[in-house]
*Asks:* 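Dropping the structure in here first, questions after.
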Amino acid sequence: MTSPSTAPTLYRATYLHTPRNPFTHPDALDAQSDGGLLVQDGVIRAAGSFAEVRAAHPDAPVTDLRGGLLLPGFIDTHVHYPQVRVIGGLGLPLLDWLDQCALPEEARMADLAYARGVARDFIGGLIGAGTTTALVFGSHFAGAVDAFFEEATRTGLRAVTGLVVSDRLLREELHTTPQRAYDEGRALIERWHGTGRALYAVTPRFSLSASEGILDACAALMRDFPGVRFTSHINENTREIQTVRDLFPGARDYLDTYERAGLVGRHSVLAHNVHPTDRELGVMAAHRCTAAHCPCSNSALGSGFFPLRRHLDAGVHVSLGSDVGGGTGFSLLKEGLQAHFMQNLMPGGVPLSPAHLLYLATLAGAEALDLPHTGSFQPGRAFDAVHLNPAPGTPLDAVFRHASSPERALAAAFATGTPADVARVWIGGDTVLGG
Ligand SMILES: O=c1[nH]c(=O)c2nc[nH]c2[nH]1
Ligand SMILES: [Zn+2]
C-alpha cells in the first residue's frame with residue numbers, strides 16, 4: 001500500500017545544479033535566475049523557470065526563496081565521525097597527527113555516552129554546512145556506530161557508514177580480529193543497511209593498519225551482502241606509502257593491497273590518492289571506483305597536491321570530501337575553493353569553474369555512492385537542497401544582490417560562503433535545518 005500524497009509545494013528561487021558532468025559536458029550547469037521546483041512527497045516533480053512551472057501548476061502554494069541561492073544538498077564522500085572534536089590539529093604530517101590527535105580521541109568512543117555526544121556534534125556540523133548525504137568513516141567500536149546510525153535516523157541525514165576495522169600499528173584498544181570484524185560488521189549490516197536512509201560501508205582504516213586477514217574479512221562481508229559500499233584510504237602520504245610497501249612485499253602497489261582482496265569495485269571510494277601510480281589509476285578506472293579528493297586535509301597535513309588531471313585523463317571518477325578532522329571543517333564550499341586554489345597553484349592543474357566545483361560537491365558524490373535519486377534537481381530525484389542566504393550587510397550578500405548572473409553568485413558562494421550562510425536545508429523534502 002502506498003502512503004497518501006501530501007500537497008505539493010512550489011519553491012521559487014535562483015537555483016543552480018549540474019545535471020551532467022562538466023568535465024565531460026561543457027554545458028553541464030543549469031542555472032535558473034527565477035526558477036521553480038515543484039516538490040511533492042519529498043520528490044522533485046517539475047523543474048524549470050518559475051513562469052513555466054507555475055503555468056503548469058497554477059494552484060500549488062509557493063514558498064518564495066528569492067534573494068539567495070538554492071543548490072542541491074552537498075554530498076561529502078569522506079569525513080570522520082569520531083574526529084569532530086579534534087578539528088584543527090595543524091602542523092603535523094599524517095602519521096604523527098594520527099598518533100597525537102586522532103587516535104587518542106577515537107579511543108574515547110568506547111564510551112557510549114561520549115559517542116552519542118560526538119554523533120550529535122558531528123551530524124549537527126554536517127547538516128549545518130548544507131551536507132545532506134555523507135560517506136562517513138565510522139568508529140572502531142560497534143556501539144559508537146550504532147549511536148551514529150541512531151542519530152542519523154533522528155536527524156534525517158542520508159548516511160553511509162560502518163565499523164572501522166584494524167588489527168595492527170594503531171593503539172591496542174582500537175584493534176580487532178578478522179572474526180570479530182566480520183561478526184560485528186554482519187550484525188550492523190543486518191540492523192542498518194537499507195533501513196530508512198542508512199547504508200553500510202565496509203571500512204578497513206587503511207592497509208597500514210590491516211593484515212591480509214582483516215582485508216579478507218572485509219571482502220567476505222562485501223560478498224555476503226551485495227550492495228554494501230566500501231571505503232578506505234590510499235596514497236595519502238609518502239611515509240605511509242613506504243610503510244605499506246614494506247608491510248605487503250608481494251603487492252604491486254598500495255591499490256593492490258585492496259585489489260588482491262577483491263575490495264576494488266563500483267561501490268569503492270578511496271580517500272586521497274595524492275600519490276598514485278599510472279597502474280593504480282588504470283585499475284581504478286577499469287573498476288569504476290572513486291577517488292575522494294580532500295583538499296583542505298591535504299593542505300593541513302602537508303600531504304601534497306592531488307593530481308586531478310591524471311585522474312581525469314585516466315578516467316577515474318573523482319568526488320569531494322571534507323576529511324574532518326584532518327580537514328578543517330564541514331563546508332564543501334571551502335573544499336571547493338581549496339580544490340580550486342590547489343589546481344591553480346600546481347603545475348598542470350585543472351582550471352576549475354564554478355560548475356566544476358558545484359558538480360564535485362553534489363552530483364559527483366551521488367555518482368560515487370551510486371545514489372541516483374540525489375545530487376541534482378532533475379525531476380524524479382529527492383528534494384535534498386541547501387538555501388544559501390547570507391545575512392544583510394555581509395560581503396556575500398552584497399555580491400548576491402549585485403551579481404550579473406547566477407553563475408557569478410555561485411562563484412562567490414564558493415569563494416566566501418560559510419555555514420553561517422546556510423539558511424535552510426531539506427532532505428527528502430523535509431526541512432532539517434532552518435525554515
Ligand atoms: O586523513 C586521514 N585521516 C585518518 O583518520 C586516517 N586514518 C588512516 N589514514 C588516514 N588519513
Ligand atoms: Zn580520512
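The figures that follow rest on heavy atoms only: side chains count, while hydrogens, waters and symmetry mates do not. What you are looking at is a predicted structure, and each value in this text was computed from that prediction instead of being measured. Counting starts at 1 for both ligands and their atoms, following the listed order.
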*Asks:* Verify, without hydrogens or angle tests, whether K334 (side chain) and T328 (backbone) share a donor-acceptor contact under 3.5 angstrom.
*Replies:* yes
*Asks:* Check whether R229 reaches the backbone of L369 with its side chain - one donor and one acceptor, N or O, closer than 3.5 Å.
*Replies:* yes
*Asks:* So which of the N, O or S atoms of H80 lies nearest the Zn ion (ligand 2)?
*Replies:* NE2
*Asks:* Out of all atoms in ligand 1, which are within 4.0 Å of some heavy atom of D323? Include the element for each.
*Replies:* 1 (O), 2 (C)
*Asks:* Using 30° and 60° as the class limits, which term best fits the ring planes of W192 and F149: parallel, tilted or perpendicular?
*Replies:* parallel
*Asks:* So which heavy atom in the protein is nearest atom 5 (O) of ligand 1, and how far is it from that ligand atom?
*Replies:* R205 NH2, 2.6 Å
*Asks:* Hey, are E106 and R171 close enough for a salt bridge, meaning a charged N less than 4.0 Å from a carboxylate O?
*Replies:* no
*Asks:* Walk me through it: do F230 and H267 pass the test ring pair (Phe, Tyr, Trp, His ring centres under 6.0 Å)?
*Replies:* CA-CA 6 Å; F230 175 81; H267 287 156; over 10 Å; no
*Asks:* Can you list the ligand 1 atoms lying under 4.0 Å from a non-hydrogen atom of H80?
*Replies:* 3 (N), 4 (C), 5 (O)
*Asks:* Relative to each other, are the rings of F383 and W426 parallel, tilted or perpendicular (30° and 60° limits)?
*Replies:* tilted
*Asks:* Quick one: angle D323 OD1 - the Zn ion (ligand 2) - H233 NE2, to the nearest 10°?
*Replies:* 170°
*Asks:* Among all protein heavy atoms in this structure, tell me which lies nearest to atom 11 (N) of ligand 1, with the distance rounded to 0.1 Å.
*Replies:* E236 OE1, 2.6 Å
*Asks:* Should the proximity of H272 to ligand 1, defined as any heavy atom under 4.0 Å, be assigned to the side chain, the backbone, both, or neither?
*Replies:* side chain
*Asks:* Between H80 and F137, what is the ring plane arrangement, given parallel below 30°, perpendicular above 60°, and tilted in between?
*Replies:* tilted
*Asks:* Counting only heavy atoms closer than 4.0 Å, does ligand 1 sit against the backbone of L98, its side chain, both, or neither?
*Replies:* side chain
*Asks:* Show, in sequence, the C-alpha distance, side-chain angles and deciding distance for H356 and F23, and conclude whether the ring pair (Phe, Tyr, Trp, His ring centres under 6.0 Å) test is met.
*Replies:* CA-CA 7 Å; H356 290 120; F23 291 108; 4.4 Å; yes
*Asks:* Using a strict 4.0 Å cut-off to heavy atoms of L94, name the atoms of ligand 1 that fall inside it.
*Replies:* 1 (O), 2 (C), 10 (C), 11 (N)
*Asks:* Contact between ligand 1 and F137 is defined here as a heavy atom of the residue under 4.0 Å from a ligand atom; is it met?
*Replies:* no
*Asks:* Is H78 close enough to the Zn ion (ligand 2) to have an N, O or S atom under 2.8 Å?
*Replies:* yes
